Student: 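If you scroll down you'll find the structure; I have some questions about it.
Note that the structure is a prediction, hence the values are computed from the model and not measured.
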Amino acid sequence: GVLSFILMNVLINGCDYKHLLEKRPDFLLAGEFSQFGQSMGYGEEYKTREIDVDPLLTQGDGVELLYDNDYDEFSPISQELEKKLHKMEGIDWENSNLIEGAYVTTVMSRKGIRPYDEGLSDLTNDNMVEGITWDTVQVIDEDQILSLKKYVQDNQLNIDVKSLEEGTGVLIIHDHMLTPEQQKLADEAIGEPVYFKTLLSKEDAIRRKEQSNSDSKEKQQEDDFLEKESETFTLCGYLDRQSENFPEIHQSWHGREGSLYYFISEKGFQKIPTEKKILAMELTADPEKEPYVKTQISELISEENKKRSEMTEVSMDEGTGEAGVFVICKSDLMQQKETYMRGNRILLGAVSIILFIAGLTNYCNVIFTGMYARRKEFDIMKSIGMTDKQMKLMLFGEGSYYFMCVVGMMFTVGAATLVGVKIYMENKLSYFTFHWPIHVMVGVMFSLVLINVMVTHFLSYYPKDI
């Protein structure tokens, strides 16, 4: 019963959602999906998912994301919004994180794309295959590259980290999408050529829209729209971000099968003829100023989204503005889950207390039953001159023996059981946090000592009561 009580306390504290939410940024800002994408439910999956799932994991692709703003200068978090956020008091920028990069069109060798989308590689006989949706290139810093390098070395993975580090290669990140057979093809694809085409400039995108609305087919064929091309990179490999112990490198929207997500170094990104954009922001606020920061961010986003809704020059759907920005606040998530977490704590706490009482009851029952069976022995000891003090010392010594047995079991069998629970739960729950229940164990030991003293005091007068 005592061990069950301790185990329940470990599970209650370890499985608390607050451990997961504590790892979340105070504010997560990212670009919304287009109205077309939102109508299909993309970009809002996080609202109905479990809280331990990455909120930016989506089944929407680049077309659904950029349908209303598919031009090169577009940045999900605009420079104007970023400047306003930097002027705001209460944000700890040293502990905040910017996810930067760009949206591009991929042109890759057939052998390079084959592990991910073999059907696409069969569409043409050309050696280089151009993607049919827009992909994401995310810039990672030196520390993140070093963490990837260590992860690859520790797991003996076939990844060309050196080219990534030197800026001559790009790494494809996926969400557990390759079968063992596809992974073999991915290993063979290392070193294959890949380059990127930028999106059209805003000026060309507007001109394209005007031509598409024109009745003159001849005019539609007059202009060729320029897509700038990057230098050619080598493919560093395919890496599964959902593998165990994968470095904590946060991404922007990702997860759609068929869309490619690249990691690239700062050196490498300079070889792509486009400006670096802010794809998402993870902001940490001063705890005392969090409510103020929350209000200010909400007002800035509302103002930004209103402005974007009036920017209808590019969208192919007449009258539709550009996609806006949304924010996920950790405090809101805590509030939403508070009732659920409180209910869990009450329920599991009640169960643990019942188990503890059952254990103590069993302990007292064994002691009292044993003493009752020995009442003749007590009478004889009393008759030959044993004093009450001697009786107390004898009973206290016997109770101490039982106490030491329970404590010994708690620190041997109990500790081994806790380690087993720790390993099992950490494999089952990504947010499980294990802490040795020192305070609970001290409380249990104190309770047992107190019960021993009380039982000793009562039983020392037991023969007289009979």
Side-chain angles (χ1 to χ4, degrees), residues 19-30 52 54-57 75-77 79 82 85-86 91-104 135-176 190 194 196 230-231 233-255 260-272 274-286 328 330 426 430-431 433:
H19 298 305
L20 176 63
L21 292 175
E22 285 170 356
K23 298 178 182 178
R24 290 278 187 91
D26 292 329
F27 304 98
L28 171 63
L29 281 72
D52 60 325
D54 186 347
L56 296 185
L57 185 67
S75 177
I77 309 296
Q79 291 183 356
E82 181 197 6
L85 289 169
H86 269 282
I91 296 179
D92 181 2
W93 288 100
E94 289 186 3
N95 294 311
S96 297
N97 181 39
L98 301 184
I99 299 172
E100 299 177 301
Y103 299 109
V104 295
D135 302 316
T136 304
V137 176
Q138 177 177 330
V139 181
I140 58 176
D141 59 31
E142 293 181 0
D143 291 338
Q144 292 170 326
I145 292 176
L146 288 176
S147 66
L148 282 174
K149 188 175 184 178
K150 184 178 184 303
Y151 170 74
V152 168
Q153 291 174 346
D154 291 346
N155 293 274
Q156 298 181 342
L157 301 176
N158 189 15
I159 298 293
D160 182 11
V161 182
K162 184 178 180 181
S163 296
L164 176 67
E165 195 171 10
E166 293 176 348
T168 59
V170 292
L171 178 64
I172 292 178
I173 304 298
H174 65 92
D175 290 85
H176 204 57
I190 294 175
V194 54
F196 305 111
S230 71
E231 296 182 22
F233 299 91
T234 57
L235 184 61
C236 298
Y238 290 73
L239 203 54
D240 184 0
R241 71 179 299 274
Q242 293 192 14
S243 297
E244 188 176 359
N245 298 322
F246 188 84
E248 189 174 354
I249 303 176
H250 295 172
Q251 299 175 241
S252 119
W253 292 112
H254 63 279
L260 298 177
Y261 199 105
Y262 298 90
F263 280 171
I264 191 170
S265 67
E266 290 277 0
K267 294 179 184 177
F269 190 82
Q270 293 174 8
K271 300 175 183 178
I272 303 176
T274 187
E275 294 295 325
K276 189 162 54 175
K277 288 90 176 175
I278 300 177
L279 307 180
M281 302 178 78
E282 297 174 335
L283 303 180
T284 301
D286 183 336
I328 299 176
K330 181 167 70 175
E426 286 179 346
S430 61
Y431 60 88
T433 303

Student: Working to the nearest 0.5 angstrom, can you tell me the gap between Lys149 NZ and Glu142 CD?
Tutor: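 Lys149 atom NZ to Glu142 atom CD measures 11.5 Å (nearest 0.5 Å).
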
Student: Is a side-chain N or O of Lys271 found less than 3.5 angstrom from the main chain of Gly167, in a donor-acceptor match?
Tutor: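 Yes, Lys271 side chain to Gly167 backbone: donor-acceptor pair under 3.5 Å.
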
Student: Is it the case that more than 12 heavy atoms not belonging to Glu166 sit under 6.0 Å from its CD atom?
Tutor: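 Yes - once you tally the heavy atoms of other residues, nucleotides and ligands closer than 6.0 Å, there are more than 12.
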
Student: For Glu275, does the CD atom have more than 12 heavy-atom neighbours from other residues, nucleotides or ligands under 6.0 Å away?
Tutor: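 Check fails, neighbour count at 12 or below.
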
Student: Can you tell me how far the NZ atom of Lys330 sits from the CG atom of Leu28, to the nearest 0.5 Å?
Tutor: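 The distance works out to 12.0 Å.
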
Student: Keeping the roles fixed (side chain from Asn155, backbone from Leu157), state whether a donor-acceptor pair exists under 3.5 Å.
Tutor: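 No, Asn155 side chain to Leu157 backbone: no donor-acceptor pair under 3.5 Å.
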
Student: Side chains of Glu266 and Asp141: does their closest heavy-atom pair fall under 4.5 Å?
Tutor: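 Side-chain contact under 4.5 Å: no.
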
Student: About how many Å separate CG of Asn158 and CG of Leu239, when rounded to the nearest 0.5 Å?
Tutor: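 Reported value, rounded in 0.5 Å steps: 11.0 Å.
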
Student: Compare every heavy atom of Leu260 with every heavy atom of Asp135, then report the nearest pair and how far apart it is.
Tutor: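 Closest approach of Asp135 to Leu260, heavy atoms only: OD1-N, 3.0 Å.
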
Student: Considering non-hydrogen atoms only, spot the tightest contact between Tyr238 and Leu235 and give its length.
Tutor: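 For Tyr238 and Leu235, the tightest heavy-atom pair comes out as CE1-CD2, 3.7 Å.
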
Student: Would you indicate whether His86, at its atom NE2, is surrounded by more than 12 heavy atoms from other residues, nucleotides or ligands within a distance under 6.0 Å?
Tutor: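 Yes, because the 6.0 Å sphere around NE2 of His86 holds more than 12 heavy atoms from other groups.
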
Student: Please step through side chain to side chain contact (heavy atoms under 4.5 Å, CB included) for the pair Asp240 and His174, ending with a clear verdict.
Tutor: CA-CA 5 Å; Asp240 184 0; His174 65 92; 3.5 Å; yes

Student: CG/Leu85 to CZ/Phe27 distance, rounded to the nearest 0.5 angstrom?
Tutor: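 Interatomic distance, Leu85 CG to Phe27 CZ, rounded to 0.5 Å: 10.5 Å.
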
Student: Do Pro55 and Arg24 come within less than 4.5 Å of each other through their side chains, counting heavy atoms only?
Tutor: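 Yes, side chains in contact.
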
Student: Within the structure provided, determine whether Ile272 and Val137 are in side-chain contact (heavy-atom separation under 4.5 Å).
Tutor: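 Yes; the side chains approach each other to less than 4.5 Å.
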
Student: Could you tell me whether the side chain of Ser265 and the main chain of Gly268 form a donor-acceptor pair under 3.5 Å?
Tutor: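 Yes: the side chain of Ser265 pairs with the backbone of Gly268.
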
Student: Which heavy atom in Leu171 sits nearest to a heavy atom in Leu148, and how many Å separate them?
Tutor: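 The answer is CD2-CD1, 4.2 Å.
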
Student: Determine whether a donor-acceptor pair (N or O, by modelled atom type, separation under 3.5 Å) exists between the side chain of Ser163 and the backbone of Cys236.
Tutor: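 A pair under 3.5 Å: no.
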
Student: Mind listing the closest non-hydrogen atom pair of Ser252 and Ile99 along with its distance?
Tutor: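 Here Ser252 and Ile99 meet closest at N-CG2, 3.9 Å.
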
Student: How close do Pro25 and Glu282 get, counting heavy atoms only, and between which atoms?
Tutor: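 Here Pro25 and Glu282 meet closest at CB-CB, 3.7 Å.
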
Student: What verdict does the side chain to side chain contact (heavy atoms under 4.5 Å, CB included) test give for Leu98 and Ile77, after you've listed the backbone C-alpha separation in whole Å, the side-chain angles of each residue and the deciding distance to 0.1 Å?
Tutor: CA-CA 10 Å; Leu98 301 184; Ile77 309 296; over 6 Å; no

Student: Quick check for you: to the nearest 0.5 Å, what is the distance between Leu164 atom CG and Lys267 atom NZ?
Tutor: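 Here the rounded value is 11.0 Å.
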
Student: What closest approach, in Å, do Thr234 and Val194 show between heavy atoms, and which atom pair accounts for it?
Tutor: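 Scanning both residues, the minimum pair turns out to be C-CG1, 4.3 Å.
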
Student: Judged by atom type as modelled, is there a donor-acceptor pair below 3.5 Å linking the side chain of Tyr261 to the main-chain atoms of Gln138?
Tutor: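 No, because the side chain of Tyr261 does not come within donor-acceptor range (under 3.5 Å) of the backbone of Gln138.
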
Student: Atom CD1 of Ile173 and atom CZ of Arg241: how far apart are they, to the nearest 0.5 Å?
Tutor: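 So the gap between those two atoms works out to 8.5 Å.
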
Student: Give the intermediate values and the outcome of side chain to side chain contact (heavy atoms under 4.5 Å, CB included) for residues Leu279 and Tyr103.
Tutor: CA-CA 9 Å; Leu279 307 180; Tyr103 299 109; 4.0 Å; yes

Student: Taking the side chain as everything from C-beta on, heavy atoms only, tell me whether Asp54 gets closer than 4.5 Å to His254.
Tutor: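 Yes - at least one pair of side-chain heavy atoms lies under 4.5 Å apart.
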
Student: Can you check whether Asp160 reaches Lys162 side chain to side chain, under 4.5 Å on heavy atoms?
Tutor: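 When only atoms from C-beta onward are counted, Lys162 and Asp160 do touch, with a gap below 4.5 Å.
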
Student: So does Asp286 get a backbone contact from the side chain of Asp92, meaning a donor-acceptor N/O pair under 3.5 Å?
Tutor: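 A pair under 3.5 Å: no.
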
Student: Under 3.5 Å, is there a donor-acceptor pair between the side chain of Thr284 and the main chain of Asn95?
Tutor: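 Here the side-chain-to-backbone pair exists.
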
Student: Let's go through Phe233 and Tyr262 carefully: what are the C-alpha distance in whole Å and the side-chain angles of both, what is the deciding distance for ring pair (Phe, Tyr, Trp, His ring centres under 6.0 Å) to 0.1 Å, and is it a yes or a no?
Tutor: CA-CA 12 Å; Phe233 299 91; Tyr262 298 90; 9.1 Å; no

Student: Can Trp93 and Leu283 be said to form a side chain to side chain contact (heavy atoms under 4.5 Å, CB included), step by step?
Tutor: CA-CA 7 Å; Trp93 288 100; Leu283 303 180; 3.6 Å; yes

